[in-house]
Asker: 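Mind looking over this structure? Questions follow.
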Amino acid sequence: MTQEIGGFAALELHPNIVAAVVATGYEEPSAIQQQSIPIILAGHDMIGQAQTGTGKTAAFALPILHRIDPSKREPQALILAPTRELALQVATAFETYAKQMPGVTVVAVYGGAPMGPQLKAIRNGAQIVVATPGRLCDHLRRDEKVLTTVNHLVLDEADEMLKLGFMDDLEVIFKAMPETRQTVLFSATLPQSIRAIAERHLRDPKHVKIQSKTQTVTAIEQAHLLVHADQKTSAVLSLLEVEDFDALIMFVRTKQATLDLASALEAKGYKAAALNGDIAQNQRERVIESLKDGRLDIVVATDVAARGLDVPRITHVFNVDMPYDPESYVHRIGRTGRAGREGRALLLVTPRERRMLQVIERVTGQKVAEVRLPDAQAVLDARIKKLTNSLSPLVGDAESTHGDLLDRLTADIGCSPRALAAALLRKATNGQALTLAAIEKERPLVPNNAPRGDRPERSGDRPDRGDRERRAPIPLAEGRARCRTALGARDGIAAKNLLGAILNEGGLAREAIGRIQVRDSFSLVELPEDGLERLLTKLKDTRVAGKQLKLRRYRED
Ligand code: ADP
Ligand code: MG
């Protein structure tokens with residue numbers, strides 16, 4: 001579905017920027033990006049107002065990357081952010097979007113780290129400087145000329161910067177920059193103090209406001225759960241244990257996340273598939289058909305890919321990643337509760353996204369109740385209920401058909417009927433944990449209580465691991481194919497184990513094997529395209545760390 005790429009391509013950004021964005025897995029610009037990018041590209045000053053999580057970073061980073069001159073080795077853009085964590089997050093985002101722009105360097109300038117190397121990086125020609133105001137002022141005291149070449153300034157989270165008392169520092173920084181610069185200000189709220197800054201320091205700014213219309217949602221029971229980004233997969237798995245669902249759709253933000261989550265679900269035995277903009281139309285239709293007729297129970301989708309999806313069987317929507325705006329939240333959860341049925345919608349919220357939750361509540365006019373992760377007792381009850389439901393129809397007249405056999409076997413074995421029934425149960429449940437103690441042991445990762453969200457500068461604003469783990473794949477070398485196994489770091493796998501197993505069992509030369517990337521829940525290995533099917537067959541029964549490798553070609557479509 002290449003037309004999705006058109007979303008970013010239509011913005012007239014440099015093709016290398018668009019390519020990096022697409023490689024990151026973004027399928028289309030968010031509303032704030034759609035509206036801000038052309039304005040910033042045209043060189044206007046701008047005030048952008050939008051909630052957290054709406055994609056503001058790319059809204060300024062992409063056009064600014066477009067406007068700098070990589071051949072000039074001097075600071076050209078300054079981005080001010082309120083905290084060290086946010087500054088690092090923005091710097092990382094710039095690096096991601098600039099991946100295909102050789103010569104572009106980014107430096108993050110913040111307190112708590114030595115000043116020398118930061119200043120040196122600026123003098124060495126970093127074009128993009130991302131800084132907290134306090135530390136930048138320290139630098140200005142040492143060298144008042146550091147900012148004289150900067151002609152783009154972005155104030156990110158301006159309201160937060162003022163709350164943290166950076167007003168005076170901002171004034172110092174404004175003075176150290178050319179007056180002809182372009183200034184862009186982003187803020188979730190626009191109090192009088194911010195308007196005053198804009199009045200004094202922005203020239204004829206254009207306003208962009210992502211406004212939320214009121215929407216109504218009926219017949220859908222909504223709840224949210226607070227989690228840290230790196231706990232999302234385990235939270236989803238726990239929730240699935242206790243939610244009584246028929247079919248379920250999960251929403252995530254990137255293509256890679258659809259693949260990762262779908263394979264984590266498959267690994268747990270769920271009938272799950274990914275749906276994203278890369279998936280060909282006929283394959284997409286097959287997935288939807290399978291969801292309709294029960295061959296699949298869970299689809300993990302991006303917003304774009306789920307467009308127009310209408311499957312009456314869907315009883316649940318999980319918003320694993322936050323939607324960009326309340327409208328798309330309403331749109332997403334509208335996938336359930338079809339045809340007058342009851343639906344249930346769950347939203348995972350990381351600490352820094354709580355403001356977005358409030359906006360959703362305001363816009364939908366409904367309270368989205370908080371739920372906790374199920375505890376071991378709830379998981380046990382749910383498992384036993386499922387077991388009861390699956391066994392009870394089997395009882396029937398079994399005693400009359402197999403009762404005598406039972407008598408004979410217990411006599412032959414010399415055990416009680418209870419002992420034999422227990423043995424059969426153990427076999428039938430296939431090692432599943434069915435006592436409290438066993439379940440507690442099985443779930444070390446899932447905390448019982450929500451994260452403490454009142455420390456946004458620490459836990460909340462840390463660049464979330466989910467995103468880093470969803471880094472776009474590096475392009476493959478000629479003649480190589482990328483293969484995937486569901487074994488990862490969490491299974492105790494390291495790259496050298498995979499390498500060893502493939503070398504031994506596959507009889508390949510070391511040079512034939514390319515990059516090996518071990519992620520938490522899966523790994524990727526680059527193998528020669530030539531003879532790949534034969535190799536994979538050869539490796540069919542290979543075990544690593546006691547588990548079946550099950551290597552497959554990655555993204556076969
Ligand atoms: P804000 O600054 O408005 O709070 P961010 O810029 O931090 O929001 O973006 C929030 C998340 O959304 C990030 O993880 C980012 O990678 C992701 N994101 C941003 N734009 C897009 C897009 N167009 N498609 C998919 N994901 C996006
Ligand atoms: Mg931001």
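Counting starts at 1 for both ligands and their atoms, in listed order. Quick note: numbers below take in every heavy atom, side chains included, and nothing from hydrogens, waters or symmetry partners.
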Asker: Going by an N to O cut-off under 4.0 Å, is there a salt bridge joining E370 and R372?
Answerer: yes
Asker: For a quick check under 3.5 Å, do T302 and E27 share a side-chain donor-acceptor pair by atom type?
Answerer: yes
Asker: Looking at D321 and K232, is any side-chain nitrogen of the basic one under 4.0 Å from a carboxylate oxygen of the acidic one?
Answerer: yes
Asker: Looking at ligand 1, is there an atom of it that comes within less than 4.0 Å of some heavy atom belonging to T54?
Answerer: yes
Asker: Is the closest heavy atom of F186 to ligand 1 under 4.0 Å?
Answerer: no
Asker: Backbone or side chain, does any N or O of T254 fall under 3.5 Å from an N or O of ligand 1?
Answerer: no
Asker: Strictly under 4.0 Å, does any heavy atom of R352 approach an atom of ligand 1?
Answerer: yes
Asker: Given the side-chain rings of F251 and F318, with only the six-membered ring counted for Trp, is the space between their centroids under 6.0 Å?
Answerer: no
Asker: Which atoms of ligand 1 sit under 4.0 Å from any heavy atom of T57?
Answerer: 2 (O), 5 (P), 6 (O), 7 (O)
Asker: Is the closest N or O pair between G55 and ligand 1 shorter than 3.5 Å?
Answerer: yes
Asker: Looking only at distance, does Y324 have an N or O less than 3.5 Å from an N or O of ligand 1?
Answerer: yes
Asker: For D169, what residues pass the salt bridge (Lys or Arg N to Asp or Glu O under 4.0 Å) criterion, not counting sequence neighbours?
Answerer: none
Asker: Should the pair R332-D303 be classified as a salt bridge under the 4.0 Å nitrogen-to-oxygen rule?
Answerer: yes
Asker: Specify side chain, backbone, both or neither for F8, according to which of its non-hydrogen atoms lie closer than 4.0 Å to ligand 1.
Answerer: side chain
Asker: Just which atoms of ligand 1 are under 4.0 Å from any heavy atom in E28?
Answerer: 22 (C), 23 (N), 24 (N)
Asker: Output all residues satisfying ring-ring contact (aromatic ring centres under 6.0 Å, His included) with F94, sequence neighbours left out; order by chain, then residue number.
Answerer: none
